[in-house]
Number of protein chains: 2
Amino acid sequence: MNRVSIKDIAHELGVSTATISLVLNGKDKDGRVGKEIAEKIRQKAREMNYEPNNLARGLRSGVSNTIGLIIADISNLFFANLAFHIQEQAEKLGYSVIITNTNESDLKMEKIINVLKNKSVDGFIIVPTEHGEPFIQNLVERNFPLVLVDRYFPKLKVSSVTVDNYNASKKAVRNLIERGCKKIGLIIYNNGLQHMLDRKKGYIDELESCGLYNPSLIKKVNYSFLLNDITIAIDGLLSIENQVDGIFFATNTLSMQGIKYLMNLNIKLHEELKVVCFDKSDAFDFMPVHIPYIQQPISEMGTDAVKLLVEQMKRQTNKITIKELQTSLIISD
Amino acid sequence: MNRVSIKDIAHELGVSTATISLVLNGKDKDGRVGKEIAEKIRQKAREMNYEPNNLARGLRSGVSNTIGLIIADISNLFFANLAFHIQEQAEKLGYSVIITNTNESDLKMEKIINVLKNKSVDGFIIVPTEHGEPFIQNLVERNFPLVLVDRYFPKLKVSSVTVDNYNASKKAVRNLIERGCKKIGLIIYNNGLQHMLDRKKGYIDELESCGLYNPSLIKKVNYSFLLNDITIAIDGLLSIENQVDGIFFATNTLSMQGIKYLMNLNIKLHEELKVVCFDKSDAFDFMPVHIPYIQQPISEMGTDAVKLLVEQMKRQTNKITIKELQTSLIISD
DNA sequence: ATTGGTTGATTAAACGTTTAATTACTTATC
DNA sequence: GATAAGTAATTAAACGTTTAATCAACCAAT
């Protein structure tokens with residue numbers, strides 16, 4: 001009652017395992033295997049419910065047709081959606097995906113990379129953690145097929161799919177300016193990841209271009225103390241010396257917690273204070289006013305990442321592709 | 001520059017691969033390998049950065065220390081969180097997890113089960129799709145380690161971890177009754193999954209116990225036409241002949257879309273109409289009133305599922321465990 | 001001096017594939 | 001009728017482990 005192997009079919013048909021393998025892998029054309037026997041093999045395989053053992057296959061051929069996906073926080077809807085699209089696209093191209101989660105921990109990322117390598121994934125799609133650069137560097141040096149997504153390290157020669165964070169940020173701030181804001185605060189994570197820096201840079205440049213930039217309106221939040229830090233950040237921005245009339249939230253988690261706190265404070269959004277968020281949240285639909293937000297092309301990010309990776313895995317190319325997708329500012333839907 | 005294997009270490013140390021394997025698997029006690037050589041092997045392995053090849057290991061030993069997790073909708077926060085906790089617990093116990101997503105498609109579920117079997121996972125944790133019973137049945141017959149989670153099939157002899165849907169539902173309805181509702185509607189999916197039926201049964205029984213049950217106040221929604229069906233359902237409940245004063249939403253997706261529509265209709269929640277939801281949503285924090293909801297012990301569901309599965313995989317037991325966890329009704333937090 | 005137990009190591013097969021190399025046969029070519 | 005070319009199959013090694021079986025050496029006890 002055990003799994004049926006190529007050997008069983010061979011035995012059943014009185015033919016060698018090599019022939020079976022050839023046929024079942026479609027290498028029976030170019031005059032390798034006779035038509036009748038090939039058909040008989042295919043028939044028998046179906047009949048016996050044969051399913052190839054991927055371990056054996058991977059061991060022998062060094063190819064597992066599996067992609068290792070490492071994301072930073074699976075309970076963040078953005079990443080969950082990203083994972084979804086990556087898996088869909090991978091399946092279309094004949095790959096399966098192992099989804100794993102670092103929970104933003106560098107240690108865990110290192111560990112996971114090793115686990116996945118031992119499982120012989122053919123390539124990685126990674127949303128890297130803050131101090132994960134050395135581990136990525138290591139993969140790059142070993143010439144491992146790899147695509148970074150959402151976040152990237154500018155110094156590394158590695159393909160990536162991100163959004164144009166800089167211009168997204170400019171767009172967001174521009175919107176606040178056009179709506180009449182004069183004192184615009186930024187709430188952003190204090191990590192050193194380049195996409196955060198890009199968002200900050202966009203904010204600064206756009207404000208500077210109209211002489212509205214004021215460094216003390218940038219408030220940084222520690223990811224691990226989100227709930228606490230965000231109240232401090234907002235209190236700071238609303239304080240007597242600052243009195244901002246607009247806030248740009250640089251991520252979806254910041255948006256959610258920030259707006260929650262603003263509502264607690266009974267701040268009238270839109271009237272007393274205008275906000276723009278990076279990334280969408282389901283909760284926007286339930287807020288008393290429409291919240292403008294930067295929409296990311298999640299589906300495209302996912303499919304592009306897979307496509308780039310597959311190219312690498314097939315060794316069709318070894319050039320680095322840096323893909324920067326454009327975002328849209330959604331005012332109301 | 002290739003991966004270092006057990007052979008390389010053996011060659012380096014002038015010793016057989018068997019010895020290496022023994023030592024590296026901790027089977028060098030009971031007088032199998034000398035102390036000095038064992039230490040030398042461990043030393044060298046570390047030095048050469050040896051990492052075992054799990055394909056070879058799995059092929060030879062038939063054990064992969066990998067759990068296949070099949071969930072129904074990864075972009076649903078409930079499942080994403082569940083996946084998170086399952087992965088955490090699995091890691092603690094020395095297993096890695098392959099997360100996959102059926103998107104509620106029966107076909108996909110069948111396909112994924114096969115893919116994972118070919119990757120030789122040692123066991124499954126599955127959130128089954130509506131018509132997935134035969135595939136689960138098949139796994140059960142083959143005596144495959146398996147735990148269902150969130151949903152279950154009462155006819156199958158298979159371990160599962162779910163919540164006590166029946167009593168959760170009763171609790172929810174009881175709350176509406178206590179808040180003075182006389183005409184309480186139910187909005188629920190029209191699938192035949194047992195946990196849905198349980199929720200419906202709880203609703204019916206609780207209402208019948210106080211003579212308030214009216215079958216026409218149950219509105220069913222098709223998952224694939226959620227957006228459309230939910231408006232019809234709500235319109236029906238609010239119509240002149242029904243005029244409900246309370247609604248129980250049987251899932252988080254139904255809650256979200258339902259409440260969204262109610263707000264569009266400018267229904268005053270709490271005053272004109274009271275609601276209770278099954279499962280929590282981040283969006284509740286942003287609603288004008290507190291939404292009471294049934295809180296599920298997601299973390300516990302995840303860890304329990306892993307524990308049950310690991311017991312099975314280790315063949316410590318072959319008895320079926322049906323675990324039904326209790327929920328809490330959260331009025332306000 | 002034979003037997004038997006310990007300790008410490010090796011040998012070789014096995015897991016299920018893939019694939020380069022080989023063989024054997026048939027047919028076509030000059 | 002010898003050679004080449006094509007067709008159709010097989011053989012056997014290899015991938016990196018694990019593990020049962022075996023062997024070798026030493027020592028103790030009869």
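None of these values were measured; they are calculated from a predicted model. Every chain is numbered from 1, with letters handed out A, B, ... down the list of sequences.
A close approach under 4.0 Å does occur between a side-chain nitrogen or oxygen of Ser21(B) and OP1 or OP2 of dT18(D). The phosphate of dC15(D) (OP1 or OP2) has a side-chain N or O of Lys7(B) nearer than 4.0 angstrom. Contact annotation: Arg57(B) reaches the phosphate of dT18(D) (side-chain N/O to OP1 or OP2, under 4.0 Å). Of the side-chain N and O atoms in Asn25(B), one or more sit less than 4.0 angstrom from OP1 or OP2 of dT18(D). Within the 4.0 Å cut-off from OP1 or OP2 of dT10(C), at least one side-chain nitrogen or oxygen of Ser16(B) is found. Thr17(B) has no side-chain polar atom (N or O) that falls below the 4.0 Å cut-off from OP1 or OP2 of dT18(D).
The residue among Ala18(B) and Tyr50(A) whose nearest nucleotide of DNA chain C is located toward the 5' end is Ala18(B). Nearer the 5' end of DNA chain C, as judged by each residue's closest nucleotide, is the contact made by Ile37(B), out of Ser61(B) and Ile37(B).
With distances taken from any side-chain atom of Thr19(B) to the nucleotides dT17(D), dA9(C), dT19(C), the minimum falls on dA9(C).
Counting to the nearest Å, the C1' atom of dA9(D) and the CD1 atom of Ile20(A) are 12 Å from each other. In this structure, CG of Leu24(A) is placed 8 Å from P of dT18(C), rounded to the nearest angstrom. The distance between atom CD of Glu36(B) and atom C1' of dA9(C), rounded to the nearest whole Å, is 12 Å. The distance from atom CG of Leu55(B) to atom C1' of dT18(D) is 15 Å, rounded to the nearest whole Å.
Glu110(B) places no side-chain N or O within donor-acceptor distance of the main-chain N or O of Phe135(B), the cut-off being under 3.5 Å. When atom types are taken as modelled, the side chain of Asn65(B) and the backbone of Tyr95(B) share no donor-acceptor pair closer than 3.5 angstrom.
In the interface, the side chain of Arg60(A) is paired with the base of dT18(C) through a donor and an acceptor atom under 3.5 Å apart.
Side-chain contact check for Ile20(B) versus Val15(B): some heavy-atom pair is nearer than 4.5 Å. The side-chain heavy atoms of Lys117(B) and Phe144(B), taken from C-beta on, include a pair separated by under 4.5 Å.
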Decide yes or no on side-chain hydrogen bond (donor to acceptor under 3.5 Å, both in side chains) for Asn103(A) and Ser105(A), but give the supporting numbers first. CA-CA 5 Å; Asn103(A) 217 18; Ser105(A) 148; over 6 Å; no
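Residue contacts for Ser5(B): at a heavy-atom cut-off of 4.0 Å it reaches the sugar-phosphate backbone alone, with no base atom in range.
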